[in-house]
Structures are given as structure tokens and as C-alpha cells.
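Each remark here refers to the structure printed beneath this line.
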Amino acid sequence: VLNNHVFRRGWCCSFDDGEGLWYNEDFEESVWLHHLGFMSRRYKDNPRVVGFDIRNEIRSTAHAVPSWGTGQLESDWALAAAKGSRRVLQEDPDIL
């Protein structure tokens, strides 16, 4: 299973690491979507890849608080997850 866990190398998950959402000040949402498409395309025909975790560990940090179903583009993980899933499926309709 491919796993998008953090943007920067290093240990995950401190309150002030800036890694709580699917984007941050260094990696815009468009970069996240681009990388999802790239990875989907890259592993499309690899039988060892059986799934795709579009982003792991969505959580509150000092920089942001994620939401679900609020319609707030900057925090609504439901909206972002749908965008990310559509991007993956554009490249590999059978992966999710």
C-alpha cells in the first residue's frame, strides 16, 4: 500500500511540525495532487501495489485544525480526500 505520510523526511507527528493537513506552507494542495497522480501512474501496473493511502495522519497542529464536511476549502478533509481520490483514479481506475 502506497502511503503519503509526511512532506518532509523525518519523524512524524509533533504538534508544531506543520504536517497535519494535506498541504502546508511549503507544499500546496496542487503539489499534493500532482504527486498523487505521479505515484498512481508510476505504480499502475505493479501487482505488488494493492492500495493507496492518499494522506496519513490528518490531525490538528499549532498551524491548523482539520474539519469534516464543513465546506471550508482550507480545512475540510472530506473535500480534499474526494479531490485526492479523483486524482488517483484518473491515473489508475482500479487502485482504490
Side-chain angles (χ1 to χ4, degrees):
V1 175
L2 299 177
N3 181 342
N4 175 240
H5 198 80
V6 293
F7 297 116
R8 295 178 200 92
R9 62 188 159 96
W11 191 251
C12 169
C13 307
S14 68
F15 186 67
D16 62 351
D17 66 3
E19 296 279 353
L21 298 178
W22 56 98
Y23 68 93
N24 66 22
E25 63 186 30
D26 297 321
F27 298 91
E28 297 177 355
E29 182 181 74
S30 61
V31 174
W32 173 67
L33 292 169
H34 172 78
H35 288 155
L36 290 177
F38 170 79
M39 296 301 284
S40 300
R41 193 170 44 256
R42 180 177 184 173
Y43 291 103
K44 179 178 182 177
D45 296 319
N46 187 328
R48 293 179 193 93
V49 176
V50 297
F52 207 109
D53 182 357
I54 61 173
R55 185 66 177 177
N56 191 346
E57 307 264 354
I58 296 293
R59 59 193 161 71
S60 296
T61 68
H63 309 286
V65 176
S67 62
W68 184 268
T70 63
Q72 299 293 322
L73 295 178
E74 66 279 353
S75 66
D76 192 336
W77 176 233
L79 291 175
K83 279 189 212 176
S85 297
R86 283 192 299 271
R87 184 66 189 103
V88 168
L89 290 171
Q90 283 177 338
E91 300 297 334
D92 187 355
D94 298 320
I95 193 70
L96 297 177

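These numbers come from the heavy atoms of this one structure, side chains and all, not from hydrogens, waters or symmetry mates.
- With sequence neighbours left out, the side-chain hydrogen bond (donor to acceptor under 3.5 Å, both in side chains) criterion links T70 to S67.
- Considering every non-hydrogen atom in both S60 and V65, the closest pair reads OG-CG1, 3.6 Å.
- Considering only residues two or more places apart in sequence or on other chains, F27 meets the ring pair (Phe, Tyr, Trp, His ring centres under 6.0 Å) condition with F7.
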Assess whether side-chain contact (heavy atoms from CB on, under 4.5 Å) is satisfied between R59 and D17, documenting all intermediate values.
-> CA-CA 11 Å; R59 59 193 161 71; D17 66 3; 2.7 Å; yes

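- Taking Ile, Leu, Val, Met, Phe, Trp and Tyr as members and joining any whose side-chain heavy atoms lie under 4.5 Å apart, directly or through other members, the hydrophobic cluster of L79 also contains L73.
- Applying the side-chain hydrogen bond (donor to acceptor under 3.5 Å, both in side chains) criterion to N46, with sequence neighbours excluded, gives no partner residue.
- Residues I58 and W22 form a side-chain contact, since some pair of their non-hydrogen atoms from C-beta on lies under 4.5 Å apart.
- Counting only residues at least two apart or in different chains, salt bridge (Lys or Arg N to Asp or Glu O under 4.0 Å) contacts with residues 61-79 are absent.
- To the nearest 0.5 Å, atoms OH (Y23) and CG (L33) are separated by 12.5 Å.
- Applying the salt bridge (Lys or Arg N to Asp or Glu O under 4.0 Å) definition to pairs two or more places apart or across chains, those involving residues 27-39 are E29-K83.
- Listed by first and then second residue, the salt bridge (Lys or Arg N to Asp or Glu O under 4.0 Å) pairs involving residues 61-72 amount to none (not counting sequence neighbours).
- Here side chain to side chain donor-acceptor pair (under 3.5 Å) pairs that include residues 30-40, with residues two or more places apart or in two chains, are N4-W32.
- With sequence neighbours excluded, the residues satisfying side-chain hydrogen bond (donor to acceptor under 3.5 Å, both in side chains) with Q90 are R87.
- In terms of heavy-atom proximity, G69 sits nearest to A78 at N-CB, 3.9 Å.
- Apart from V1 itself, the hydrophobic cluster it occupies contains V50, where clustering links Ile, Leu, Val, Met, Phe, Trp and Tyr at side-chain heavy-atom distances under 4.5 Å.
- Residues that satisfy the side-chain hydrogen bond (donor to acceptor under 3.5 Å, both in side chains) test with D45, not counting sequence neighbours, are absent from this structure.
- By the side-chain contact (heavy atoms from CB on, under 4.5 Å) test, A82 is found to be paired with R86, residues two or more places apart in sequence or in another chain being considered.
- Note that the CZ atom of R41 and the NZ atom of K44 stand 10.0 Å from one another [nearest 0.5 Å].
- Here the CD atom belonging to E19 is positioned 10.5 Å from the CD atom belonging to E57, to the nearest 0.5 angstrom.
- Checking side-chain atoms of R55 against main-chain N and O of L21 turns up a donor-acceptor pair under 3.5 Å.
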